[in-house]
Amino acid sequence: MGVAAGPIRVVVAKPGLDGHDRGAKVIARALRDAGMEVIYTGLHQTPEQIVTTAIQEDADAIGLSILSGAHNTLFAAVLDLLKERDAADILVFGGGIIPEEDIPPLREKGVAAIFTPGATTGAIVEWVRENVRQPAASGG
């Protein structure tokens with residue numbers, strides 16, 4: 001698979017039963033305003049729906065917003081499904097109410113970054129630009 005042309009494509013998703021999506025919408029808008037293509041999936045998405053959307057939309061990354069406390073289960077399910085569907089090159093990052101002690105194990109499982117309350121939209125946009133779909137340095 002070559003380096004995709006065009007803007008970075010990010011699926012922003014709210015997995016599970018969490019019904020609060022203000023933060024996800026703020027992040028989706030910030031990424032869009034920064035020139036990225038954003039696909040917002042809406043509330044109550046299953047990991048299967050999120051991964052299917054990311055593959056169908058040829059996404060470079062998935063941003064998960066989780067406030068429900070099910071972050072360990074939901075991040076793992078998304079990562080496992082990406083591997084099963086040969087799409088592990090889609091970077092997964094997330095944010096929400098995630099205890100500090102849960103962040104290292106999530107990172108070990110493959111979550112690229114976790115943004116907790118207080119993270120600025122500017123910092124998230126900058127991280128996505130620096131870490132998602134690095135441009136080819138020499139066309140090789």
Side-chain donor or acceptor of Q49 paired with backbone N/O of T46 under 3.5 Å: yes

Residue pair T41 / K14, side-chain heavy-atom distance below 4.5 Å: no

Crowding at CD, E100 (>12 non-hydrogen neighbours, <6.0 Å): no

Atom of V10, atom of G63 and distance for their closest heavy-atom approach: CG1-N, 4.2 Å

Ring geometry between W127 and F93 (parallel below 30°, tilted from 30 to 60°, perpendicular above 60°): tilted

Shared hydrophobic cluster, I8 / V38 (ILVMFWY, side-chain heavy atoms < 4.5 Å): yes

Pairwise distance NE2(H44) to CG(D21) - rounded to 0.5 angstrom: 8.5 Å

Distance, nearest 0.5 Å, that separates CD1 of I124 from CD1 of I27: 3.5 Å

Sub-4.5 Å side-chain heavy-atom contact between E48 and L81: yes

Distance, nearest 0.5 Å, that separates CG of L79 from NZ of K109: 8.5 Å

Derivation of the side-chain contact (heavy atoms from CB on, under 4.5 Å) call for D102 and F75: CA-CA 11 Å; D102 289 349; F75 274 114; over 6 Å; no

Heavy-atom donor-acceptor pair, Q45 side chain to L43 backbone, under 3.5 Å: yes

V128 to M36 - nearest heavy-atom pair and separation: CG1-SD, 3.5 Å

Straight-line distance of L67 CG to D18 CG, nearest 0.5 Å: 4.5 Å

Heavy atoms of other groups near R29 CZ, more than 12 under 6.0 Å: no

Minimum heavy-atom distance S65-P15, with the two atoms named: O-CD, 3.6 Å

Minimum side-chain heavy-atom gap D33-V125 below 4.5 Å: no

Short side-chain to backbone donor-acceptor contact, R107 and A112, under 3.5 Å: yes

Steps toward side-chain contact (heavy atoms from CB on, under 4.5 Å) verdict (I50, L74): CA-CA 11 Å; I50 293 165; L74 294 169; over 6 Å; no

Heavy-atom side-chain proximity of H71 to P99 below 4.5 angstrom: yes

Minimum side-chain heavy-atom gap I39-V12 below 4.5 Å: no

Distance, nearest 0.5 Å, that separates OG of S68 from CD1 of I97: 10.5 Å

Euclidean distance, I114 CD1 relative to L64 CG, rounded to 0.5 Å: 8.5 Å

